[in-house]
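See below for the structure under consideration.
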Number of protein chains: 2
Amino acid sequence: MEEKEISRAVIKRLPRYYRYLGELLDSGVERISSNELSDRMKVTASQIRQDLNNFGGFGQQGYGYNVKFLYHEIGKILGLDKTYNMIILGAGNLGQALANYVRFEKRGFRIIGMFDVNPQLIGKKIRGIEIRMMDELPDFLAENDIQIATLTLPKAAAEEVAVKLVESGIKAIWNFAHTDLHLPDDVVVENVHLSESLMQLSYNITKNQRDRNTK
Amino acid sequence: MEEKEISRAVIKRLPRYYRYLGELLDSGVERISSNELSDRMKVTASQIRQDLNNFGGFGQQGYGYNVKFLYHEIGKILGLDKTYNMIILGAGNLGQALANYVRFEKRGFRIIGMFDVNPQLIGKKIRGIEIRMMDELPDFLAENDIQIATLTLPKAAAEEVAVKLVESGIKAIWNFAHTDLHLPDDVVVENVHLSESLMQLSYNITKNQRDRNTK
DNA sequence: TAGATTGTTAATCGATTAACAATC
DNA sequence: TAGATTGTTAATCGATTAACAATC
């Protein structure tokens with residue numbers, strides 16, 4: 001079965017399509033053309049059609065796309081038709097904030113455990129999720145079917161914990177630590193580097209000011 | 001003064017260079033060649049040289065790059081030689097987590113105010129930063145020089161607050177709300193969409209499983 | 001049927017990589 | 001000077017946009 005690799009650029013756009021289609025669905029829109037969607041999303045209609053056609057023909061000539069159908073198809077592509085059990089490693093501010101965030105649950109991402117090394121946090125519950133000592137991790141992983149591990153801990157600890165997780169069979173990591181994890185190829189890592197995002201912002205602020213002075 | 005536009009792809013890589021150079025600096029490395037850096041960062045040496053040359057010749061033939069010099073130059077390009085006053089709009093879990101994060105401060109991003117509509121939060125302090133009522137925002141902006149506004153509030157409120165901020169002269173927004181802000185061109189917006197990041201992860205998990213079954 | 005709009009091929013644009021002359 | 005490595009041009013690759021035939 002020859003399957004062409006989908007480019008990273010396309011994948012990064014899918015969640016945004018999904019969001020817009022969800023909003024259209026909520027507001028009762030039944031069908032939409034690539035042209036109208038392109039207007040709303042400020043991308044070219046051509047790109048929308050190309051992107052979607054990577055996964056098959058979801059539209060119909062002369063009609064456009066059925067919003068509900070397309071929404072669910074993209075959901076399936078993104079793996080949102082399944083549920084995922086998650087744990088959070090590092091129950092500091094960010095870890096707790098993520099645990100408190102209910103919207104993830106609605107999309108099928110269930111946080112079922114949190115771990116930390118700070119004994120003061122142990123036993124504390126965030127939205128019903130218990131914070132456990134880090135040394136309970138191996139047992140917990142053995143007893144529970146976990147698909148995603150979230151790293152919200154200092155970078156010094158991140159790599160070490162990540163290696164342990166992978167040894168225990170974890171295949172997907174959502175990494176908030178400011179470091180690149182060096183893991184086997186079959187482990188999926190999605191990085192969220194907040195400070196790098198902030199630096200892009202300060203770059204653009206600086207550039208913006210320069211532009212204003214120049215013009 | 002003809003200045004060629006630097007591509008977004010290049011800008012996105014700069015913070016990562018900055019991070020690696022910072023680590024090299026900390027570990028006492030004085031100079032590095034594009035080749036050695038390419039080994040560590042898993043990018044091509046050619047790309048490193050091309051990227052850096054967008055901003056001028058930072059290296060020296062036969063020698064490589066001086067780590068300390070390059071680190072500071074990239075810092076300047078990213079605007080990290082200045083300080084920024086920030087406010088956080090929405091003092092929920094994520095807003096509080098960001099406020100608690102000390103590392104931003106070290107890089108020159110000072111959070112000096114937080115705002116929320118929930119009266120129960122008013123007066124509370126996060127790391128010394130007071131949470132104020134949202135209606136105090138205009139006065140606060142008039143009395144303080146704010147460069148960055150962080151939006152950690154529900155998407156329904158985000159657009160409305162963003163428009164108010166821009167009317168008060170804010171030119172840069174760090175947006176965590178799950179919505180695209182429609183603002184004038186001279187306003188810089190940097191989006192952090194956590195749920196979209198999570199969807200990319202679930203896409204790759206799904207793909208990974210498919211690959212394993214196929215091979 | 002006529003009109004609309006997709007799916008898809010071809011053209012363009014931009015970003016990455018390779019190669020090497022310049023130069024420290 | 002010889003060796004190393006940049007800065008930069010040229011070649012390649014990939015992604016985006018344009019165009020239009022297919023078809024609902």
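Protein chains get the first letters and strands the later ones, always in sequence-line order, with residue 1 at the start of each.
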Charged N-O contact under 4.0 Å between A/Arg40 and A/Glu23: no
Side-chain ion pair, B/Lys155 and B/Glu160, N-O less than 4.0 Å: no
Sorted by number, the residues of residues 21-47 of chain A with heavy-atom contact under 4.0 Å to DNA chain D: A/Thr44, A/Ser46, A/Gln47
Value in whole Å for how far the C1' atom of D/dT6 lies from CZ of B/Phe69: 14 Å
Rounded distance in Å - CG (A/Asn66) to P (C/dT5): 15 Å
Distance in Å, A/Ser195 OG paired with A/Leu201 CG, rounded so as to fall on 0.5 Å steps: 12.5 Å
B/Asp51 CG - C/dT17 C1' separation (whole Å): 12 Å
Residues B/Asp145 and B/Gln147: side-chain donor-acceptor under 3.5 angstrom: yes
Each stem that DNA chain D is part of, given as range with range (3 or more consecutive Watson-Crick or G-U pairs, under 3.5 Å): C:3-24 with D:3-24
Distance-only side-chain donor-acceptor flag, A/Asn93 / B/Tyr101, under 3.5 Å: no
Derivation and outcome, side chain to side chain contact (heavy atoms under 4.5 Å, CB included), residues B/Arg8 and B/Ile11: CA-CA 5 Å; B/Arg8 222 177 118 72; B/Ile11 304 309; 5.5 Å; no
Sugar-phosphate, base or nothing in reach of A/Arg13, heavy atoms under 4.0 Å: sugar-phosphate
B/Gln50 side-chain proximity, nearest of C/dT17, C/dG7, C/dA15: C/dT17
Whole-Å distance separating the CD atom of A/Gln61 from the P atom of D/dC24: 6 Å
Under-4.0 Å side-chain N/O to phosphate OP1/OP2 contact, A/Arg49 with C/dT6: yes
Between P of C/dA15 and CD of B/Glu5, the distance in whole Å: 11 Å
Whole angstrom value for the distance that separates P of D/dT6 from CD1 of B/Ile48: 9 Å
Donor-acceptor side-chain pairing of B/Lys82 and A/Ser202 below 3.5 angstrom: no
Test: A/Asp180 and B/Lys42 ion pair at under 4.0 Å: no
Test of ring centre spacing under 6.0 Å for A/Phe58 and A/Tyr65: no
Under 4.0 angstrom between A/Tyr65 side-chain N/O and C/dG7 OP1 or OP2: yes
Pairwise distance CG(B/Asn213) to CZ(B/Arg210) - rounded to 0.5 angstrom: 10.0 Å
Whole-Å gap separating C1' (C/dC24) and CD (B/Gln60): 6 Å
Donor + acceptor pair across side chains of B/Arg103, A/His178 (<3.5 Å): yes
Atom pair distance, as rounded to whole Å: CG in A/Asn53 and C1' in C/dT6: 8 Å
B/Arg31 charged N/C atom sitting above B/Tyr63 aromatic ring, 6.0 Å / 45°: yes
Identify each atom pair where a protein N or O and an N or O of nucleotides 11-13 of chain C are less than 3.5 Å apart, giving names and distance.
none

